[in-house]
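Below, chains carry the letters A, B, ... as their sequence lines are ordered, and counting in each starts from 1. All figures in this text were calculated on a predicted structure; none of them were measured in a lab.
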There are 2 protein chains.
Amino acid sequence: MNEEPRFLRDEKLKTPRITRRSATEATLQPLQLGKRVRAIRLSQKLTLEEASQRTGVARSTLSKIENELISPTFTIVQKLVHGLGIDIPQLFSQPRAGATPGGRRDITRRGAGKPHPTPTYAHELLATELTQKKMVPFRTEVHARDFAEYPEWIRHEGEEFLFVLSGTLLLYTEFYEPVELQEGDSAYYDCTMGHALVSTSARDAEVLWVTA
Amino acid sequence: MNEEPRFLRDEKLKTPRITRRSATEATLQPLQLGKRVRAIRLSQKLTLEEASQRTGVARSTLSKIENELISPTFTIVQKLVHGLGIDIPQLFSQPRAGATPGGRRDITRRGAGKPHPTPTYAHELLATELTQKKMVPFRTEVHARDFAEYPEWIRHEGEEFLFVLSGTLLLYTEFYEPVELQEGDSAYYDCTMGHALVSTSARDAEVLWVTA
DNA sequence: CAACAGTGTTTCCTATAGGCAACAAAATCG
DNA sequence: CGATTTTGTTGCCTATAGGAAACACTGTTG
């Protein structure tokens, strides 16, 4: 009295109600999230019940996710990440069984990074072809012109190195006086300490940023 | 508590979407995926309809996601990531309220680094006041003019990011063809793979290097 | 300024995600 | 060994995600 797994059904004979409007997603990889989650859970020697308690997700739901019976909601994914201490890069990237990656290389031409805008910054992410990397480099135009544009401190894990490519700016940090940086200056700081940049030159300042 | 996503600073939003059952974890981070998606879409100057076609997600669904009315399914998130070229897995990661201390900061003025000359490179080490750091940043003039100046491959642990500050040069790597880099270009590679730089411009090229 | 073409939002409805509870299969205990 | 606990896997049901279409707005154009 059991029906086939739903998503299989879906693949097979779900043509009548065609809603596939473009072929963009044709090449979408399976990306076995379920197996990944299971591997991570087992690696921590947790039972479904324990994982359930840590994440706040029902035991049954976890089972279904691990067996690829359902596609979890983003809120659930967040709970998993949070509760199991999963590093999201792994979740999104492919197996890559090997230990330390060997001979990878990724070239990013000027202006060819992936844009990532925010109200105060215009980031351009570099080396986005590589997934499992220790550092995240990006080039940024600092649009902010006043410290007041930041509703609160920017603050996150890790350490950050910044290098001023052009223009001048003020580096505000939580525990220090603001300091003016000019072209060629650089700074290294803990990201857990609140920080923010404000352009002071005629043109918006450009910085190179690397986070780890 | 720092639960701001990496590049995100944003106005406060209300709806934390409460799950009434698992009261174990009362509050769940907002993590405004919606605003992020909207920002990315707008940065690419796409309408909802265009984004819909690229991602294969219904226009209405996109609208709801951007307005935080629903929590998208993982398959939908995948489609978004794929169709809009979103990278940055760490974008989604919630910096765990880790006990990483640290309010360190180190400013290095232009030219004020610690010189470290070699036959082929003139390194200037940056942020040398800080000792226990994850990354080692330095600015380098590439004196080498011929690959033959390197008796053997440079090779060491970790990963390296390099950004061309001025001039042009050739990046030789063990497993790839040499590639020419110009001002503003960047590269990321595994250091265990042999690598070497050679200036090709009239003046010696200058690069910014970060190792981790 | 009416007819129109595009935008983003909202409504309606179906498909499905997720929790609870019943279940089967091991594992543990008596 | 049977009884009990603990494991992971289903039914079942409700809450909700997601698609199509209607809608409300805003420009355009003749």
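If you measure from atom CD of A/Gln53 to atom C1' of C/dG19, you get 15 Å, rounded to the nearest angstrom. To the nearest angstrom, C1' of C/dG8 lies 16 Å from NZ of B/Lys35. Between A/Leu80 atom CG and C/dG18 atom C1' there is a gap of 12 Å when expressed in whole angstrom units. Residue B/Lys79 contributes atom NZ, which lies 6 Å from atom P of D/dG19 at whole-angstrom precision. The interatomic distance linking B/Leu69 (CG) with D/dT16 (P) rounds to 13 Å, in whole Å. Taking atom CD1 on A/Ile76 and atom C1' on C/dG19, their separation rounds to 10 Å, with Å as the unit. Nucleotide D/dG8 holds its C1' atom 14 Å from the CD1 atom of A/Ile65, rounded to whole Å. A/Ile70 places its CD1 atom 16 Å from the C1' atom of D/dG18, with the value rounded to the nearest Å.
Closest to the B/Ala58 side chain, of the nucleotides D/dG8, D/dC12, D/dG19, is D/dG19. In this structure, the nucleotide among C/dA17, D/dG19, D/dA17 sitting nearest to the side chain of A/Ser71 is C/dA17. Set against D/dT9, D/dT7, C/dT9, the side chain of A/Glu49 has D/dT7 as its closest nucleotide. When distances are taken from the side chain of B/Ser63 to each of D/dA17, D/dT9, C/dT9, the shortest belongs to C/dT9. Comparing atom distances between the B/Ser60 side chain and each of D/dA17, C/dT10, D/dT9 picks out C/dT10 as nearest.
Toward the 5' end of DNA chain C, the nearer of the two residues B/Leu48 and B/Thr73, judged by each one's closest nucleotide, is B/Leu48. Between B/Arg41 and A/Leu62, the residue anchored nearer the 5' end of DNA chain C, judged by the nucleotide with its closest heavy atom, is B/Arg41.
A search for salt bridge (Lys or Arg N to Asp or Glu O under 4.0 Å) contacts involving A/Arg41 returns A/Glu66, not counting sequence neighbours. In terms of the salt bridge (Lys or Arg N to Asp or Glu O under 4.0 Å) criterion, A/Glu141 has no residue partners (sequence neighbours excluded). With sequence neighbours excluded, no residue forms a salt bridge (Lys or Arg N to Asp or Glu O under 4.0 Å) with A/Glu124. Scored by the salt bridge (Lys or Arg N to Asp or Glu O under 4.0 Å) test, A/Glu49 finds A/Arg59 as partners (sequence neighbours excluded).
The base of D/dG19 sits within donor-acceptor range of the side chain of B/Lys64, with an N or O pair under 3.5 Å. Judged by atom type and distance alone, B/Arg59 does not reach the base of D/dG19 through any side-chain donor-acceptor pair under 3.5 Å.
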Exercise. Go through the steps to decide whether B/Ile107 and A/Tyr188 satisfy the test side-chain contact (heavy atoms from CB on, under 4.5 Å), and finish with yes or no.
Key: CA-CA 7 Å; B/Ile107 307 290; A/Tyr188 195 113; over 6 Å; no
With 3.5 Å as the limit, what N/O pairs link the protein to nucleotides 24-26 of chain C?
none

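The phosphate of D/dT9 has OP1 or OP2 within less than 4.0 Å of a side-chain N or O from A/Asn67.
A donor-acceptor contact closer than 3.5 angstrom is absent between the side chains of A/Gln182 and A/Thr168. With hydrogens and angles left out, the side-chain atoms of A/Thr140 and A/His123 include a donor and acceptor closer than 3.5 Å.
Note on residues 163-186 of chain B: pairs passing salt bridge (charged side-chain N to carboxylate O under 4.0 Å, His left out), not counting sequence neighbours, are A/Arg109-B/Asp185, B/Arg155-B/Glu174.
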